[in-house]
Amino acid sequence: MAAAQPKDRLTVGMGLEPPHLDPTGGAAAAIDEVTYANLFEGVVRIDRSGKVAPQLARSWTVSPDGLTHTFELQPNVAFHDGTPFTAADVKFSWDRARAADSVNAQKRYFAAIADIATPDAGKVVVRLSRRDGYFLFNMGSGDAAIVSPKTAEANKTAPVGTGPFKFERWAKGDRVVLVKNDAHRDAGQVKLRQVTFRFIGDPSAQVASLLAGDVDLWPNIGAAEALGRLRADGRFTVQPGQTEGETILAINNRKKPFDDVRVRRAISHAIDRKAIIDGAMQGFGTPIGSHFSPAAPGHVDLTGTYPHDVAKAKALLAEAGLPGGFEATLKLPPPAYARRGGEVVAAQLAQAGIRVKIEPVEWAQWLATVFRGRDYDLTIVSHTEPMDIEIYSRDDYYFGYSSDRFKGVMAAIDAARDEAARTRLFGDAQRILAEDAVNGFLFQLPKLGVWNRNLVGVWENSPVQANDVTGVAWK
């Protein structure tokens with residue numbers, strides 16, 4: 001009998017379909033989950049351990065004052081269309097991201113840049129106007145991916161990067177297919193020739209896709225209740241891990257009665273995090289009391305700030321002039337943590353007199369009406385960007401929260417010269433958000449990975465929002 005040919009195809013399951021495929025032009029995590037490190041590359045990247053690592057830059061130096069970063073670029077790199085990659089592409093990409101008309105979801109990452117120089121095709125010198133302790137880390141995000149001036153405007157539907165995989169096709173509502181880039185500098189290290197990202201929202205259908213062999217890898221499956229069954233099956237590796245996703249009951253601080261901190265505190269007292277984690281996530285997930293990962297340096301445990309206390313919640317509502325409670329709408333996007341968690345949250349709020357009408361919405365509708373349109377009362381979502389507490393300093397953000405005190409702390413973090421000071425200030429920032437009860441802080445989203453046991457190289461954790469398959473192979 002002839003020996004079996006080695007497998008060189010992989011099908012990856014995702015619960016959400018990206019709205020487009022340009023990581024520099026949207027906030028949806030699903031964009032990076034397809035494109036990060038696979039299609040697009042940055043000057044630097046974040047590796048599976050959460051550390052900054054070389055990518056399009058082979059090395060870099062930082063001046064003693066922290067204001068000048070000099071990057072030496074990889075030689076002989078080309079975009080997927082054959083266009084040579086040079087320092088000019090880095091300057092174009094980062095100038096575009098920080099431009100006045102930029103649509104980059106993390107435009108603030110580039111705010112400290114004063115000037116970008118390109119002394120030659122292989123060197124980039126970035127001068128900052130102020131110290132930014134997270135500049136290198138932020139340049140490893142998908143938002144800082146390097147794009148070509150020739151193809152940048154078409155990347156949403158026909159992405160062209162420098163990564164080890166190229167875009168082949170997108171069957172809307174079903175899948176995105178990538179194929180190996182044989183011209184990539186590390187092509188010999190990439191074992192897969194084709195990767196298909198399948199979009200399956202229903203948790204039971206996700207499990208069925210694994211059992212039928214239609215999907216080889218679920219980096220984060222939505223059916224937590226199926227993990228025991230899948231582990232017992234013997235065909236799969238089941239690996240719970242961590243993400244950077246703070247799962248929150250987001251509150252529209254602009255709207256009445258949520259503009260009253262007593263109402264927001266009442267909501268926080270009405271929430272029982274353990275019951276939500278048990279009911280929506282089968283016990284997987286770490287309770288949080290502010291918008292900060294429990295695994296990150298500087299985390300402060302603030303889960304005791306608002307203990308579950310229905311009587312206290314009712315008393316706060318009465319103080320706010322709402323002795324009979326009030327009605328509100330809870331818009332829930334498709335992920336299982338939101339839909340299932342929303343049912344539990346609604347029941348808990350009802351006990352305090354907050355009568356919630358649940359409104360399921362599709363992901364594109366959530367992005368349009370809640371995230372961009374700010375048309376909501378309450379919603380549940382996980383914010384999966386690493387170290388993203390800064391979003392609370394944005395007056396135009398969908399929470400509608402504005403605090404000069406919080407902004408002052410964030411400015412001090414940017415200016416801090418040592419890690420100890422930065423860590424202390426992050427603690428202050430967390431406490432302010434908890435005191436102001438900006439949102440209902442629920443739990444850190446777990447990464448419930450399940451994959452064919454013959455696969456190696458899969459990320460157990462998600463230090464960034466990525467499904468990096470560049471190192472995945474079949475045994």
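Excluded from the calculations below are hydrogen atoms, water molecules and symmetry mates; all remaining heavy atoms, backbone and side chain alike, are included. We count residues from 1, following the sequence as given.
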(request) Kindly state whether the ring of Tyr398 and the ring of Tyr376 have centres lying under 6.0 angstrom apart. (result) yes
(message) Ring centroids only, cut at 6.0 angstrom: are His20 and Phe167 within range, meaning strictly under it?
(response) no
Closest non-hydrogen atom pair between [X] and [Y], with its separation:
| X | Y | result |
| --- | --- | --- |
| His383 | Phe399 | NE2-CZ, 3.7 Å |
| Phe443 | Ile276 | CE2-CG2, 4.0 Å |
| Thr24 | Arg96 | OG1-NH1, 3.3 Å |
| Gln55 | Arg185 | O-NH2, 3.5 Å |
| Ala250 | Asn439 | CA-OD1, 3.2 Å |
| Asn104 | Asp143 | ND2-O, 2.9 Å |

Less than 3.5 Å apart, any donor N or O on the side chain of [X] or [Y] sitting next to an acceptor on the other?
| X | Y | value |
| --- | --- | --- |
| Lys107 | Ser102 | no |
| Ser290 | Gln430 | no |
| His291 | Asp388 | yes |
| Glu359 | Thr329 | no |
| Ser402 | Asp395 | yes |
| Arg273 | Thr303 | no |

Does a side-chain heavy-atom distance below 4.5 Å link [X] with [Y]?
| X | Y | result |
| --- | --- | --- |
| Pro333 | Thr379 | yes |
| Pro19 | Leu367 | yes |
| Leu302 | Phe441 | no |
| Val176 | Phe199 | yes |
| Pro164 | Asp186 | no |

Which word best sums up how the rings of [X] and [Y] line up, parallel for under 30°, tilted for 30 to 60°, or perpendicular for over 60°?
| X | Y | answer |
| --- | --- | --- |
| Phe292 | His299 | parallel |
| Phe135 | Phe71 | tilted |
| Phe137 | Tyr134 | perpendicular |

(message) Closer than 3.5 angstrom, by distance alone: can the side chain of His80 be matched with the main-chain N or O of Gly163 as a donor-acceptor pair?
(response) yes
(request) Using atom types as modelled and distance alone, determine if a side-chain donor or acceptor of Arg339 lies under 3.5 Å from a backbone N or O of Leu332. (result) yes
salt_bridge([X], [Y]) N-O dist < 4.0 Å:
| X | Y | value |
| --- | --- | --- |
| Asp468 | Arg45 | yes |
| Asp95 | Lys91 | yes |
| Arg265 | Glu319 | no |

Could you state the interatomic distance from [atom1] ([X]) to [atom2] ([Y]), rounded to the nearest 0.5 Å?
| X | Y | atom1 | atom2 | value |
| --- | --- | --- | --- | --- |
| Arg422 | Ile413 | CZ | CD1 | 8.5 Å |
| Met139 | Ile146 | CE | CD1 | 9.0 Å |
| Phe40 | Leu21 | CZ | CG | 8.0 Å |

(message) Go through it in stages, so that I can follow the logic: the residues are Val126 and Ile113, the test is side-chain contact (heavy atoms from CB on, under 4.5 Å), and I'd like the CA-CA distance, side-chain angles, deciding distance and then a yes or no.
(response) CA-CA 7 Å; Val126 180; Ile113 296 177; 4.0 Å; yes
(message) If you count heavy atoms of other groups shown closer than 6.0 angstrom to CG of Asp65, is the number above 12?
(response) yes
